[in-house]
Number of protein chains: 2
Amino acid sequence: MEDGQAMDQDRVPLELARLWRIPLDSKLGRPARLDVGSVVDAAVALADREGLAAVTLPRVAESLGVTKMSLYRHVGSKDELLDLMRDAANGPVPDSLAGTGPWRERLRLWATEQLRVLEAHPWLAQVPPSGPPSGPNGIDWFDAGLRSLRLTGLDWGAKVGALMIVSGYVTSAAQLAQALAAGREGTGMDQAAAEREYGRAMARLVDPERFPDAAALFGGGLLEDTGEDTGENDFHFGLELLLDGVAAAVAGDE
Amino acid sequence: MEDGQAMDQDRVPLELARLWRIPLDSKLGRPARLDVGSVVDAAVALADREGLAAVTLPRVAESLGVTKMSLYRHVGSKDELLDLMRDAANGPVPDSLAGTGPWRERLRLWATEQLRVLEAHPWLAQVPPSGPPSGPNGIDWFDAGLRSLRLTGLDWGAKVGALMIVSGYVTSAAQLAQALAAGREGTGMDQAAAEREYGRAMARLVDPERFPDAAALFGGGLLEDTGEDTGENDFHFGLELLLDGVAAAVAGDE
DNA sequence: CTCATATAGTATCCTCAAGACACTATCTCG
DNA sequence: CGAGATAGTGTCTTGAGGATACTATATGAG
């Protein structure tokens, strides 16, 4: 079809067109100093520097040397800007995910690479989800996830479900880590000290009559300090648990 | 010890004292028309009626017949109010979770009861996480989760990890469902129609050269309409997958 | 009984956000 | 060279969270 490209530009909703950076290439009117890409890049840079809360239209505009209202020509709304930022910050999938291979190891890598992205852009875990992956980078990650499961023989629904679980897990692990870090903001405590403090406060509040299991946990279980990096270990424990679940689905499918 | 109660009131941080509704019982000063409970109840009711975005200090105050600044006497800040709302809306664990029994069935029930709570208070899934469970209801749910795993022989760390995964999964499933529902707001599409529309848009944008697996998915896989309630089925598929993962941990522990 | 003190609620202020709308500036094409 | 289309600006409204200084109302010590 000769109109394939033209159709792309016309029939796709405006929001998707911006996500995919489909140029409108109308040469009329005053030429633009700005484009979607530069607005999004500025917003991402701002979020990286000062956190998601600092990303306001006035401040993004200021960092571009422009007034806030001009941004609306390129992003439509604050919410849409967040979608664009998410896709941009996710970035393309790293080369390590290019090939195919044993699904478990590929899927594990997929998860840990996602975690790396969330560590590089901590605010990313706080951007509220807005639906299935729609942007080019989101699709790239999605494609890589599907590729990691290509050899499993799972049907599409199972693959999609497994990917959503794994990536949801990575996100909530990152969220939790950030919430803990934020909670001990100011107090000069490290992770272990904060956990001890939490355990102590809970031990005082949790009545063993009403909450026997929780009281047992706070009373004794948590206080052993292994000295190792707890967060990392917890993450991998959970990830392997998920992979075991996927393994069961793969096996049950045969 | 005779000073047990007094210690509770003194040594516990103010925020925890409010979560646990520990009365200050100082009889001095002007008597309060408000207390933490009524502020939180009003905020929860408002969120139930009009969503989380409607919960602003002015509006909560208005619904209590009070000016906004008086709320700060009882809740400290907006963020703290959100914490209090979360704990209140979680509510105590339902009776069905009281006993003990086969872990898999108990844990499954724990998850589905959590989902019911999230359906009753849709805004709950959007409240940003603020750390480990700290309020009485949060502890109640936590205790019930630990109880469901009591007979597994898992160590504390594994139990806590498994619970975090399951409850994180329930939350992100609810978040996704809401994002999808919000996305098709206005458009009179049902779930299936919206999915078809999404698949069609993606099929147009996703280049099979760059994204072979994703293109295959959008090209053919998603379009079979089973007619059944997809969301429910997806949720249970994922939950059983997680339970399989926990089962592997339980088995590996022996 | 009365007055210092402690607490509850109020009145007013500030800073800053998102966004509507009408305006000006600058380009291309007929 | 103008007409129309597009980019960017100036100004306004609404409404948020929160600081501060005030008033109101109770208790309990002298």
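Just so it is clear, the values below take in all heavy atoms, side chains as well, and ignore hydrogens, waters and symmetry mates. Keep in mind that what you see is a predicted model, and the values were worked out from it rather than measured.
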| query | So which of residues 39-48 of chain B are in contact with DNA chain D, with a heavy-atom cut-off of under 4.0 Å? | reply | none

| task | Would you list the pairs meeting salt bridge (charged side-chain N to carboxylate O under 4.0 Å, His left out) in which at least one residue belongs to residues 172-182 of chain B, sequence neighbours left out? | result | none

| In whole angstroms, how far is the P atom of dG15(D) from the CD atom of Glu62(B)? | 11 Å

| request: Please list all pairs passing the ring-ring contact (aromatic ring centres under 6.0 Å, His included) test where one or both residues lie in residues 15-44 of chain A, with sequence neighbours left out. | output: none

Pairs under 3.5 angstrom, nitrogen or oxygen only, protein versus nucleotides 4-13 of chain D, please.
unit_1	atom_1	unit_2	atom_2	d
dT6(D)	O2	Arg30(A)	N	3.2
dA7(D)	O4'	Arg30(A)	O	3.3
dA7(D)	N3	Arg30(A)	NH1	3.0
dG8(D)	OP1	Arg33(A)	N	2.4
dG8(D)	OP1	Leu34(A)	N	3.2
dG8(D)	OP2	His74(A)	NE2	2.8
dG8(D)	N7	Arg73(A)	NE	3.3
dG8(D)	O6	Arg73(A)	NH2	3.1
dT9(D)	OP2	Thr67(A)	N	2.9
dT9(D)	OP2	Thr67(A)	OG1	2.9

| query | Side chains of Leu52(A) and Leu82(A): closer than 4.5 Å at any heavy-atom pair? | reply | yes

| field | Lys/Arg N to Asp/Glu carboxylate O, Glu119(A) vs Arg116(A), below 4.0 Å | value | no

| query | Hey, mind stepping through Val60(B) and Leu57(B) against side-chain contact (heavy atoms from CB on, under 4.5 Å) and telling me if it holds? | reply | CA-CA 5 Å; Val60(B) 173; Leu57(B) 295 177; 5.5 Å; no

| query | Salt bridge check: are Arg59(B) and Glu50(B) linked by an N-O gap of less than 4.0 Å? | reply | yes

| field | Enclosure of Asp95(A) CG (heavy-atom neighbours >12, cutoff 6.0 Å) | value | no

| said: Quick check for you: name the first and last nucleotides of DNA chain C, 5' to 3', having an atom under 4.0 Å from a heavy atom of chain A. | reply: dA17(C) to dC29(C)

| Inter- and intrachain pairs under ring-ring contact (aromatic ring centres under 6.0 Å, His included), touching residues 32-66 of chain B, at least two apart | none

| message | Looking at dA19(D), I'd like to know if its phosphate oxygens (OP1 or OP2) sit under 4.0 Å from a side-chain N or O belonging to Tyr72(B). | response | no

| query | To the nearest Å, how far apart are Leu57(B) CG and dA19(D) C1'? | reply | 14 Å

| Residues two or more places apart in sequence or in another chain: which of them pass salt bridge (charged side-chain N to carboxylate O under 4.0 Å, His left out) with Arg30(A)? | none

| task | Report the end-to-end axis angle of the helix from dC1(C)-dG30(D) to dG30(C)-dC1(D); each axis comes from five terminal pairs, and the value is rounded to 10°. | result | 10°

| remark: Separation of dA16(D) atom C1' from Asp79(B) atom CG, nearest Å, is 14 Å

| Of all residues at least two apart in sequence or in a different chain, which pass the side chain to side chain donor-acceptor pair (under 3.5 Å) check with Glu80(B)? | Arg18(B)

| note | The side chain to side chain contact (heavy atoms under 4.5 Å, CB included) partners of Gln175(A) (sequence neighbours excluded) come to Ala125(A), Thr171(A), Ser172(A), Pro129(B)

| message | Tell me every residue that passes side chain to side chain donor-acceptor pair (under 3.5 Å) with Asn137(A), counting only those two or more places apart in sequence or in another chain. | response | none

| task | Can you sort out the partners of Arg33(A) under side chain to side chain donor-acceptor pair (under 3.5 Å), two or more places apart, ordered by chain and number? | result | none

